[in-house]
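See structure below.
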Protein chains: 2
Amino acid sequence: MIRENDVSRNLHEQLSLMIANTESGQRLPSEPKLAAVLGVSRASLREAMRTFETRGLLQRKQGVGTFVIHPSNVFETGLETLSSLETIAEQLGLEVSLGDMEICRQVVDRDLAETLELPEGQDILTVSRVILSHDRPVAFLEDNLPVDVINESEVRTNFTGSVLDMLIRRDDIPLASSKCQISAIGATPEIASALDIQRHDPLLVFSSLLFSTRGRIIDSSFSYFLPGYFHFHIVRRVGGQI
Amino acid sequence: MIRENDVSRNLHEQLSLMIANTESGQRLPSEPKLAAVLGVSRASLREAMRTFETRGLLQRKQGVGTFVIHPSNVFETGLETLSSLETIAEQLGLEVSLGDMEICRQVVDRDLAETLELPEGQDILTVSRVILSHDRPVAFLEDNLPVDVINESEVRTNFTGSVLDMLIRRDDIPLASSKCQISAIGATPEIASALDIQRHDPLLVFSSLLFSTRGRIIDSSFSYFLPGYFHFHIVRRVGGQI
DNA sequence: GTCTGTCAATTGTCTGACAAGTGTTTTCCC
DNA sequence: GGGAAAACACTTGTCAGACAATTGACAGAC
């Protein structure tokens, strides 16, 4: 897991709290004052502020001050960080459960071998399952992992609904980030039956690749979401740089 | 427009180039060396590196070094920053053009008044148009703006296909960020006819709110994309903090 | 009334230093 | 000779203090 030093960690939390409690457009105290209040050096404070500036939550003007920008009142429930559906649901106070699940070891097809950067003929583990909310199917998830990353028996014993959470719990492969491609499709017959909807009903699709810190692709997943049950959003900064 | 100081700007570009030219998993030179090479102080360099760390492109380990993480070879064409379709298309070398367009001044309905935080009964300007790629309709865009932000005649004379680009060109309202909600729907009869597809065909939808730096909502837009013609992606960091 | 120079406040950048963590090499003891 | 401990080199993390660049407000001259 990602670990940080204490100063940086506390500083980040405190600053996050301070930003959350400041109205949009209001000015923060000046850097020297803020550094004194938070008990850190100005350099460390500035580095922490950079992270919020990068996310578009702060704007700094030389000679004037630093201002808070709230894209909305909801604070950071978007797609910027990768969390499992279960974790997101827990944070939002929603109830989700695991529906039908299928675990299947098979030889990769050519497309998947290419995306996973595996030699052809190698085995992968495919985990597909339905996510329920109040007993209604709302999502269909499929993960494809090389067998040397994870073995079948481990999944059968340790799986709680999320491949990501399982990998995080294991802690042996340092995960870095996920590249997620967003699209829409009409439901295929298989998915339509799994989600209890009509064929060709519109679905939101996330095609994701999960990368380790060494750049290896750990997981190729496809997530199909029923529109209306999830509110995914991202904050996009205006302007090219930073 | 967002403006930066020269040091920061050049530093950011050079660092970006250096990261792009470093293989995933490889180590960067140490901070003192890198600062010397780039001709800046270590403090400034560290601030710049923070922005890349925040985006998940760098990982720092105390006592070891700083490592580059490439989610993929494609560098930064995702949804993290807000650009017009025209700008994106230009960067990717695609050809897009403006199809049927409609500009309409009307009284806000209740829903839109709420999202735009306007008093009921006020006028807004609605700009809707079709985007073509090689003469094939690929997207349907609708922008809703308060009339005091933009007036009808200005749109009719200055519009080149993108409301965002027009607002950026004008430079009188400092834009901060956009909150974009992602979903999928089946095409309505109007959109189906505009895009020359069947009713209920799946479409990717972005519902966006554009915020000024003072927190005011400048634009509420709905973008409908034909699947397959656009490859939107985002990079999601694993782990909660930073 | 308008313009201009001054001044205080703020962020941007730099320098140098020390603390803390990591991996390697050397030394010392058995 | 072998293994453990210590020393070392190198890295990032943090700090203190200083000066530059920019901005906005205010007072004074015209």
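Chain A is the first sequence line, chain B the second, and so forth, proteins listed ahead of strands; every chain is numbered from 1. Note that the coordinates shown come from a computational prediction; the quantities given were computed from them, not determined experimentally.
By the side-chain contact (heavy atoms from CB on, under 4.5 Å) test, Ser41(B) is found to be paired with Ala43(B), Ser44(B), residues two or more places apart in sequence or in another chain being considered. With sequence neighbours left out, Ser183(A) forms a side-chain hydrogen bond (donor to acceptor under 3.5 Å, both in side chains) with no residue at all. The ring pair (Phe, Tyr, Trp, His ring centres under 6.0 Å) check on Phe159(A) picks up nothing, with sequence neighbours excluded. In this structure Asp143(B) satisfies the side-chain hydrogen bond (donor to acceptor under 3.5 Å, both in side chains) test together with Arg129(B), sequence neighbours excluded. Judged as a side-chain contact (heavy atoms from CB on, under 4.5 Å), and not counting sequence neighbours, Glu114(B) has no contacts.
Atom CZ of Arg50(A) and atom C1' of dG13(D) are 18 Å apart (whole Å). Taking atom CG of Leu11(A) as the reference point, atom C1' of dC15(D) lies 13 Å away to the nearest angstrom. The CZ-C1' distance, from Phe67(A) to dG24(D), rounds to 11 Å in whole Å. Taking atom NE2 on His12(A) and atom C1' on dT14(D), their separation rounds to 17 Å, with Å as the unit. What separates CG of Leu38(A) from P of dA16(D) is a distance of 13 Å, to the nearest Å. One atom, CG of Leu45(A), and another, C1' of dC15(D), lie 13 Å apart when rounded to the nearest Å. Going from atom CG of Leu58(A) over to atom P of dT10(C) covers 16 Å, rounded to whole Å.
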Contacts under 3.5 Å, N or O only, protein and nucleotides 6-12 of chain D:
from	atom 1	to	atom 2	distance (Å)
dT11(D)	O2	Gly63(B)	N	3.3
dT12(D)	OP1	Thr66(B)	N	3.4
dT12(D)	OP1	Thr66(B)	OG1	3.2
dT12(D)	OP2	Glu31(B)	N	2.8

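In this structure, Lys179(A) forms no cation-pi arrangement with Phe211(A), as its terminal cationic atom is not both closer than 6.0 Å to the ring centre and no more than 45° off the ring axis.
A sub-4.0 Å separation between OP1 or OP2 of dG12(C) and a side-chain N or O of Ser44(B) is absent.
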